[in-house]
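Inspection log for the structure reproduced underneath, given as C-alpha cells.
Here the structure is a predicted model, which means the values were calculated and not measured. All values below were derived from every heavy atom in this structure, side-chain atoms included, with hydrogens, water molecules and symmetry-related copies excluded. Lettering of chains follows the sequences in order, A, B, ..., and the numbering in each one begins at 1.
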Number of protein chains: 2
Amino acid sequence: MDSPVQANEIMKILERSWIFRNFPEQDKKDLVANSSLVRYNNRDVLFKQKTRTSHVMFIVKGLVKIYKENVSNRPVMLKIISGDHFAGLDTLFAEPVYQYSASSIGETTILIMDFGTFNNLLMSNGRFALDVIRLLSKESLYIFTRLNSQIHKQLPGRVADVLLYFSEEIYQSYEFEFPLARHELAELAGTTKESFIRTINEFKHDKIIQLEGRRVKIVSLDIVRILSDLG
Amino acid sequence: MDSPVQANEIMKILERSWIFRNFPEQDKKDLVANSSLVRYNNRDVLFKQKTRTSHVMFIVKGLVKIYKENVSNRPVMLKIISGDHFAGLDTLFAEPVYQYSASSIGETTILIMDFGTFNNLLMSNGRFALDVIRLLSKESLYIFTRLNSQIHKQLPGRVADVLLYFSEEIYQSYEFEFPLARHELAELAGTTKESFIRTINEFKHDKIIQLEGRRVKIVSLDIVRILSDLG
DNA sequence: GGACAATGGTGATCTATATCATCATTTTTT
DNA sequence: AAAAAATGATGATATAGATCACCATTGTCC
C-alpha cells in the first residue's frame, strides 16, 4: 500500500479539487486508500490506444494530450486536458480497451484511481455521478464543435481556434508559450505541419500575433476572433 | 395531467426499454407521472439550437437527426439517433441552451420527460446514472472517430462510412432505403451534395452497390469496408 | 391544374491545402 | 565532441473536392 506520506498528500489533493472536495469523509478515505500519485516527465505515455482500460486518471498538475493514432501514422489530437480533470473517462465506461492514447505535456502529476472504487462511488454518490455526467457532456459538445470546424472552417479559422484554445482554455492569458511543437499544433488544427507553419507565420507578418519560437502574444484579439468565427 | 390511457402506454414503453426496465416500481411511476408521449411527422423540429434546454427526449419509435447549424447555412449532421436512446442529453447537462438542433426522420414517437424528475432519478439511482454515463461515453467516442475520419479520410472513405453506418448501425441489413435526401447524406459525410452524389454514383458504376433512388444494396461489403478503412 | 420548390444529377472551373523536396538550427544521444 | 534526430521553415507542384451553373423529374401547395 501507499506510504502515509503519500496518503496525506492525496487527501490534500482531493480537498483542493472542485469535484472531490465535498465528498463525505468516508468516500475520500476510500479513494485515498485506492489511489496512487504518479509523476510523469514530458512526453511520457499515460496509456496507449488499444490497450486494456484499467484505471481512472485524474490530472493533478500539468497537461495531458489525448490523441488518436491511425494506420496512416497521422495522429489527430482530440484535446488537451488540464489539471482537475480526468483523462480517458469516456473510454473507461464504454469500451474494454482505450480508444485513444494519452501522453503528458511537460512535468505532470497524475492521481491514479482504482476503477472499481471509482465506480462504487459513482453508484452511491449521486452528486458525483451528476458531476461526471456534466464533464462527459461538455466533452461531447467540445468535439461536436471541433467536427463542425473541421468540416466548414478553412485553415486560418482553425489556426485561430488553436490560438484561442490555448489562450482562453488553457492559460487564461493572451501571452503564453506553446507547450507543443509545430507538428503537434498542426494535429490539433487538423492539418499538416507545413500548412500550420505557413498560416501562423502569416498571422505574424500581418501583426495579428507576435511569435518568437513557441512564445506567442495575441495582438489583435478581435481579428483572431473574426477569423475563428468566419472560418 | 395525462390521461390514464397515455399513462398506461408510457408504462409499457418503460417496461420495454433496456434502460428503464429494471427501475424500482416507484421510480417508473414517477417517470410516468412526469412524462408525455408525443408523435412527430417527418421533418418536424424537436428542438432548435440556441433555444433553452427543457426536457429529456427519449425516442420510442423512429429516427431523429441531430445537426449543428452555423452562419454559413451549411449544417453538419452530427448523428442519427434511433429508438431506445436519448436526444440532446449532453446539452441538457452541460449548457442552458441547446448546442444543436434535432428533427424527426419519418414518423417518430418521443417520450418527453421532465428534466427535474430525470435528474432526481439520476441522483438516487446509481445504476441508472452509470447507464447514462455509458451512453454519453459512447457518444463521445463516436464523434471522435468522426473527427478522425473527417481529417484523414478522403471522400470515398467517408461515403463508405455512411453506407456502413446505415446498414450496420441503423438497419442491420445490407439492403435498405436511405431515409434522407442526398444533401442530407452529404451533411453526414461532411461534404457537399454534388460531391456525395458523384462519389456514390461511382460506387454504383463500379458495382460495389446497387442504387435506385434511395434504395441501396451493398453488393461488395468487403470493398466498402476496405474503402472505409483505407480512407 | 398550374406554379413553385425540392430533389437528383452532370459538366466546367477554381483553389485551398496536401505533398514532396530541401535546408538551417537546435536539441538529444552516444 | 561528433553523430543523429527533431524542429521550424520555405518553395514548387499536384489534386481532391468545393463552387458555380445548369437541367430534368418529381413532389407539394394554393
Requested in this report: Calculate the interatomic distance between B:Phe178 atom CZ and C:dA6 atom P; express it in whole Å.
Outcome: 22 Å
Report task. Would you indicate which nucleotide in D:dA18, D:dA21, C:dG8 comes nearest to any side-chain atom of B:Arg214? Result -> C:dG8
Query raised in the report: To the nearest angstrom, how far is B:Glu184 atom CD from C:dG8 atom P?
Result: 9 Å
Report task. May I ask you to evaluate whether A:Thr191 reaches the phosphate of C:dT17, defined as a side-chain N or O under 4.0 Å from OP1 or OP2? Result -> no
Report summary line: Among the nucleotides D:dT19, C:dC20, C:dT17, whichever has the atom closest to the side chain of A:Glu194 is C:dC20
Query raised in the report: Where does the angle between the aromatic ring planes of B:Phe47 and B:Tyr98 fall among parallel (under 30°), tilted (30 to 60°) and perpendicular (over 60°)?
Result: parallel
Report task. Verify the distance criterion only: is there a donor paired with an acceptor across the side chains of A:Glu69 and A:Tyr100 at less than 3.5 Å? Result -> no
Query raised in the report: Counting only side-chain N and O atoms of B:Arg74, is one of them less than 4.0 Å from OP1 or OP2 of D:dT19?
Result: yes
Query raised in the report: In terms of ring plane angle, is the pair B:Phe93 and B:Phe118 parallel, tilted or perpendicular, where the classes change at 30° and 60°?
Result: tilted
Query - Interatomic distance, A:Glu202 CD vs C:dT17 P [rounded to whole Å] - result: 10 Å
Report task. Return the nearest nucleotide to the side chain of B:Ala181; candidates are D:dT19, C:dA18, C:dT7. Result -> C:dT7
Requested in this report: Give a yes/no on whether any side-chain N or O of A:Asn201 is located under 4.0 angstrom from OP1 or OP2 of D:dG8.
Outcome: no
**Report entry** Proximal nucleotide (of C:dT17, D:dT7, C:dG9) relative to the A:His183 side chain
**Finding:** D:dT7
Query raised in the report: Between A:Phe176 and A:Phe178, what is the ring plane arrangement, given parallel below 30°, perpendicular above 60°, and tilted in between?
Result: perpendicular
Query raised in the report: What integer distance in Å separates A:Asn42:CG from D:dA6:C1'?
Result: 13 Å
Query raised in the report: Is there a donor on the side chain of A:Arg198 or the base of D:dG11 sitting less than 3.5 Å from an acceptor on the other?
Result: yes
Report task. Give the nucleotide from the list C:dG9, D:dT7, C:dA18 with an atom nearest to the side chain of B:Arg182. Result -> C:dG9
Query raised in the report: Is B:Ile197 touching bases, backbone alone, or none of the nucleic acid, heavy atoms closer than 4.0 Å?
Result: base
